[in-house]
Every structure is written in structure tokens, then in C-alpha cells.
There are 2 protein chains.
Amino acid sequence: MTSMSDVPAPRQASRRPTMRDVARLAGVGIKTVSRVVNGEPDVSADTAERVRKAADELQYEPNMHAGNLRRGDGRTHTIGLLVSSVANPFAAQVHRAIERVATERGYAVFATSLEDDPAAERRAITALARRRVDGYVVTPVRDDQSYLQVHLDRGNPMVCIDREPTGIDVDTVVTSNYDSAREAVRHLIAQGHRRIAFLGDLERIQTAQLRRDGYLAELADQGVSPDPALTVLDLHDDTSATAITRRLLTLPDPPTAIFSSQNLVTVGAIRALQQLGAEHDVALVAFDDVESGDLVTPRVTVVAQDPDRIGRLAAERLFARLDGDVSPPRQLVVPTRLVVRGSGEIPGPGRAVATGST
Amino acid sequence: MTSMSDVPAPRQASRRPTMRDVARLAGVGIKTVSRVVNGEPDVSADTAERVRKAADELQYEPNMHAGNLRRGDGRTHTIGLLVSSVANPFAAQVHRAIERVATERGYAVFATSLEDDPAAERRAITALARRRVDGYVVTPVRDDQSYLQVHLDRGNPMVCIDREPTGIDVDTVVTSNYDSAREAVRHLIAQGHRRIAFLGDLERIQTAQLRRDGYLAELADQGVSPDPALTVLDLHDDTSATAITRRLLTLPDPPTAIFSSQNLVTVGAIRALQQLGAEHDVALVAFDDVESGDLVTPRVTVVAQDPDRIGRLAAERLFARLDGDVSPPRQLVVPTRLVVRGSGEIPGPGRAVATGST
DNA sequence: GAATGACCTGACAACGTTGTCGGGCCTCGT
DNA sequence: ACGAGGCCCGACAACGTTGTCAGGTCATTC
């Protein structure tokens, strides 16, 4: 009866209805529609009902942008997230945790992957600022963040994650990189290792430096003099890590243990160990949990980060600021968890004589 | 000289400058500022220079929302992405591919994780519609998407990924679930297996059904009658998968091979195999590449999806629609790649007599 | 019976930007 | 000298919504 033809879908592009259209159909003023849509008081029950029916019939969806423009606080209920690289499962987990908190509060999240490119950081911030996000969660990639101060001054809070920012004083949520690296190395030394190789990410990445510093500090503390030949930096993917690890292991005086300080690098190291059949002879402790790290043989001992907690804390800090918290910025350090699985407990040469020595 | 104190940062919250402010400072009309900011012609070189300097001095950032509101096409240069679950590395990869294409075109991406919750799908769409995204990339979760037709009619294109939508006719980009499942099973049968277990995801998920259908069809085609006891559905995480796999393997007449049809389920299956020391005796082929699947022993043979290609194709389709493409919706099927690594080549009982039998 | 106040409603301006349009100036051709 | 046309520029309305405010109706109170 009502259908005029039997094509499955009405193809004509309908104009998007506005409050004006709803008002006309319901026979009320436009402001009354606004009141109903926003649940404001002072609308009689049956007027409200009429408006709701009209809105329903037109499939009206309010335009948040128009509303935010006029509204006093100008909030867009949107936050921006800058993540180092989506390739990294760590970042994906953080993203998810943040998104969950945001959704609960009616916020939407713009996520951008920087792929560790400093230029991308600026570009992303500009794009977000033009879209008037209320706040930012940033993984610093450039070596100076002072250019972000203006956004803080304008009332848009910011929380940095994973790495400490430079040039601005904001809430940060980071992993205990230095201490956890020390713990990993301490663990290996306790198994009797002295020649411990370090496999590090790009040196310009702060966490890579901190983990290396922790590595060196723990060696020093335990009276082990580090062999520069065993400290490798600037690895960023599994292929290069495999190559380097192979070279280290075929050295005249090879390491008896490896501390791998990043996810993909660990994968590369494991592959190299397997290729040389050394996986049961050379100990391995990895920073950051490697997916299904308990499936490989031997199972991988790791210092596991807690990306879910990092994301949640960052989001909570950001929303606290948006809610008006003006207390001094906090530096939150999220501890890691040493997960003992086997690869890190392969004994070193010092083990046999450990009790007798020193 | 110019600094009045030595606090590091000017704490006072500055009002955000508008075009009006820039215009006043540059001594020009507001429309002229608009012209300069948008690179429109008909502004003299030195006026433009003055405007640029003023904008710079005030650190002016144009308000895209206000612009979009007034602008003819009303485009927000924003797209929405609904992903099944961020926990899944597959989704993370897709997300990244889409984001890359979008960023190239000056688009920002709202990503929402549905965690396979049907209610979340509707909520997310509403939130995106109110923010007036230009288009959608959707992983269907509900069993009916016809409620989305209205957005199509209003000129907001949509591309579905991973699963076919129901009730709407839009571009889709999916993996060759059925055919690839058949290929996996064919591979196992070729190794001499007859008792092949199937481990499936939640039955309400379409891809899970397709993979099971492929599994059953290939068995039938090869004259193998399926044992219902070996077909398990509704697994969704590694823990339950481990439990089920253990039970299957301790059956009086256990399977000699396993086809695991989802990522996390595969992890659970591998764990069970290892726990029972059966990883070298029972063959395993998995759907969807499992991260570091070539690190475990034996290395895992998989039918690998191509999430990067899926994401890229989806984004390209969406932008083509936004650019005015009105050709009939396309169904793009992205093939998988059989990656032979070892676990799938463990011979079955039929193998020894394979040449003599039939 | 008039004043009070609670309740309900819509006209109007404003948010920050862009489309439209008209006007001033200058150059050029006649 | 004058009109045509190109270049530059700004006043004004409009996008879709919400804040403000004034006004109308009705029951209650003295």
C-alpha cells in the first residue's frame, strides 16, 4: 500500500533532516526539539512524545559539531591518540584500553599511528587540533615536545605514554624501563652468566636508551665489565635482529646469554638461536611479552609490560584533567612482571662454580 | 626583557584565536583570512603575507567543524571504522592499513572495537553518525545490517570487511573463508589423514560457519565421513581451546590431525598438543597466521590471511565511493596463502598405504 | 480578585566558518 | 575620456545547533 515500487531500497539520496524538520513535523518550536533531544526539563510529557515520534520517523540524528560549536564549553567529546606503531601489539593493547575508557564516557577516539616518524607527530597533532579534540594521549617520537605547550595553555590536556616528553610538563605513564632492564640482567647474572649480549631498538628512542642504561648499570653493579662488542643498538625489525644475533653467536668468544629489549627484536633473536640450534644453550630474557612466547621451545622468559594498565591509567589521567583536576602533573611508572618460563634459566658458565667463587 | 617572570610556562589559559582575531591583527577582513588559510586565489601577495604572519603569531588553527558546517558538501574528512576486536592482531593490521590510506587523503579515522558485541555495533554507528563521519568501514557483528540503509541513502558510503553483511547491498572485502578452509583440509587429507578435528569460533560468527562448511564440504568431496565428535564450535579463546583439544586427544579414537580455524584457538590447540607431548604426532593446520608461528616446534603450517590487503582494498573502495563512484557494489575476495612450515605435514595413517589404497 | 510563581514554549542571537555578491581600484583598448 | 574587465577585498547571510530571554497559561495564595 505504502510502497510505490518493489525495488529493495529507495535509491534517492534523502536530505539529512535537521531539528528544523523535526520541529515542523511535530508542530513545535525548534528549541523544544533541542530540549527533548538533550533531555532538558520543562517539556510537557505529550509534547515530548510528539517530538520523539517525529524524530523517529525522520530518523533524525543530532549534529554534534553544530551543537559543540554553539555550546558553552565547546567540548567535542573526542580525544586524539598518537601511537608509535600499530604494527606493535603493545600499542594495539594500549589503544584498546584507552578506547574502552573513552567509550564508557561517551568519547570517541581518533587514533593515528606514527610509525616512529617525527614529522608524523607534528602532522597528526595539527590534524587533531583542527578537529578540536578535547585532549591528547601521545607517544612522544620527536626529541622536543615544547611546541605542544600552546595546546595545554588552551585547556586541552595531554598525557604522554611509553616515553617521557621533553619540553613540557604533563602527566606521563611509562613502564619501569630502567629498573626492569636491571632486573632482567640481574636474573641472567644469577644464573651464572657474565657474557650477556644486549639487543636494543633504535638509539633515538628513549626507552631503548633507558633499557641499555639499566643493562649497563646492572652489569657494573655486579662487577661485570661489559664487552662493547656485545652491545648492539639500532635494531628495529626481526630480520636485522636475526642477522646480528647470528653474528654475535659465531663470534670467537660468543655471549652465553642474550637480553633482547624489544618485541620484534626478540622474534629475530629466537629465530637466530633456532637456526644455529643454540636455543637450549644460550639463555634469553626478553623485554615486553612476545605473543605466544610460551609456545616456543624453550618457552621465553620475559619482563612483561602491562599495556592494558598503561592505557587505562593514561585515559583516567586525561579524563581527570578534563574534569578539572589541576594538581601538578604526575609521573606514573607501571612495573613489569618477570615471567619465568625457561629460556632465561639456562645456566651460564659461572653457575657451576657459583657457590665456591667470589 | 620581554619575559616578566621566570616561571617556565605561561599558565594562563588563553582564549583560542578565531579568524576574527587574525583578521583584526592583520588589519583585513575576515573573509580574506579565510581565503589565505584555504589557499584561494585573489589575494595580493603582501596581504597574504600579513595574514600568514598574524595567524602564525596567534598560533591560529582553523576550526574544521565550523568550516564543514558552512561548506557546501558538508564533508568532515573523517571516516569511522568498526573492528571486531582489537585484541585480534588481524584487526590491528587492518586498522593500520586503512589508517594509512586515510591519512594520505587528509582523512582522520575513528576506530571502535566491538568485541563482537551486537549491541556495540549499533551504539558505535550512532556515535559516528552524530559526528557526521563521511563513510564507514564495518565488520558486521549483528545478524542484520538493514538498519544501516538510511546512512547509505544519505550519501555516506559503507564497506564491510571480514564478514558479509545482511540486509544491505554494499562493497565487501572478505577472505576466501570457504575455499581456504577446503584447501587446508585437502592439505591434511593429502598427508594421509582421515580423522581431522575442526576447532571453530563462535557459531554465530559468519566466518566461523563458512570455515566449518568448507571443512565439511572437502571431507565429503574426498569421501571422508565426518565424525561429529571431532567438530567443535563456539570456541573463542585459548583457554577453552586448550581444554577441548585435550579432551579430543584423549578420546578412545582420537583425531590424527587438527584444523584450527581461528587465531586464539590455534594458540590454545598448540598448548594442548605440547602439554600432551603430541605436537610431533598430530598434524595441525591453522587458519589465519599466528604471530611468530614459525618459532614454535614444529613450526605451524597456516592458511594466512592478508589483513593489509583487506584494509587497503576496503579503504580504496570507500574513497572511490566518496569520490562519486556509483557502480554496483563489489564483493572482493582476498585469497589466502598456504604457508607450509611443518606441523601440517606430519603424515597420517593413510599415508603409508596411500599409493596402494583407493 | 489580583498577585505570585511554577511550568511550558518559541523568537532570536550567537558559535566560527564559507558562499555570495557587490564595490573599489587599476589597466587597457577605443 | 570612457567603458570593460580583471583583480582585490569585505559586508552579509547562512550552516545546525544551544543559551537567553520574554511571554503565555494555569493553579495557588492572601
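Naming convention: chains lettered A, B, ... in sequence-line order (proteins, then strands); numbering from 1 in each chain.
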inquiry  = Would you call the rings of B/Y136 and B/H151 parallel, tilted or perpendicular, taking 30° and 60° as the class edges?
reply    =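 The rings of B/Y136 and B/H151 sit tilted, inter-plane angle from 30° to 60°.
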inquiry  = Between A/T47 and C/dC8, is there a contact of a side-chain N or O with OP1 or OP2 at under 4.0 Å?
reply    =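 A/T47 to C/dC8 OP1/OP2: no side-chain N or O under 4.0 Å.
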key: Minimum side-chain heavy-atom gap B/R132-B/N68 below 4.5 Å   =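 The answer is no, as the side chains (C-beta and beyond) never meet within the 4.5 Å cut-off.
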Distance in angstrom units between [X] [atom1] and [N] [atom2], rounded:
X	N	atom1	atom2	value
A/I30	C/dG10	CD1	C1'	10 Å
B/R130	D/dG16	CZ	C1'	14 Å
A/M19	D/dA14	CE	C1'	18 Å
B/L69	C/dT18	CG	C1'	10 Å
A/E49	C/dT9	CD	P	13 Å
B/R70	D/dA13	CZ	C1'	7 Å
B/D73	D/dA14	CG	C1'	15 Å
A/M64	D/dT18	CE	P	10 Å

task = Measure from the side-chain N and O atoms of A/Q59 to the backbone N and O of B/V150, and report whether any donor-acceptor pair falls under 3.5 Å.
result =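 No; zero donor-acceptor contacts below 3.5 Å.
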Between the side chains of [Y] and [X], is the shortest nitrogen-to-carboxylate-oxygen separation below 4.0 Å, so that they form an ion pair?
X	Y	result
A/R52	A/D56	no
B/R317	B/D325	yes
A/R100	B/D117	no

query = Side chains of A/R16 and B/N156: is there a donor and an acceptor less than 3.5 Å apart?
reply =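 Yes, because at least one side-chain N or O of A/R16 sits under 3.5 Å from a partner of the opposite role on B/N156.
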message = Please pick, from C/dG19, D/dT18, D/dG16, the nucleotide with the shortest atom-to-atom distance to any side-chain atom of A/A66.
response =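 So the side chain of A/A66 is nearest to D/dG16.
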ask   = What's the verdict on side-chain contact (heavy atoms from CB on, under 4.5 Å) for B/E121 and B/Q145, showing C-alpha distance, side-chain angles and the deciding distance?
value = CA-CA 10 Å; B/E121 183 188 303; B/Q145 271 72 42; 3.3 Å; yes
query = Do any of residues 31-44 of chain A sit with a heavy atom less than 4.0 Å from DNA chain C, and if so which?
reply =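 Output list: A/K31, A/T32, A/R35, A/D42, A/V43, A/S44.
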ask   = What do you reckon, is CG of A/D143 surrounded by more than 12 foreign heavy atoms closer than 6.0 Å?
value =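 Open: at most 12 neighbouring heavy atoms sit under 6.0 Å from CG of A/D143.
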remark   = Writing each nucleotide of DNA chain D 5' to 3' as (, ), [, ], | or . by Watson-Crick or G-U pairing under 3.5 Å yields ||||||||||||||||||||||||||||||
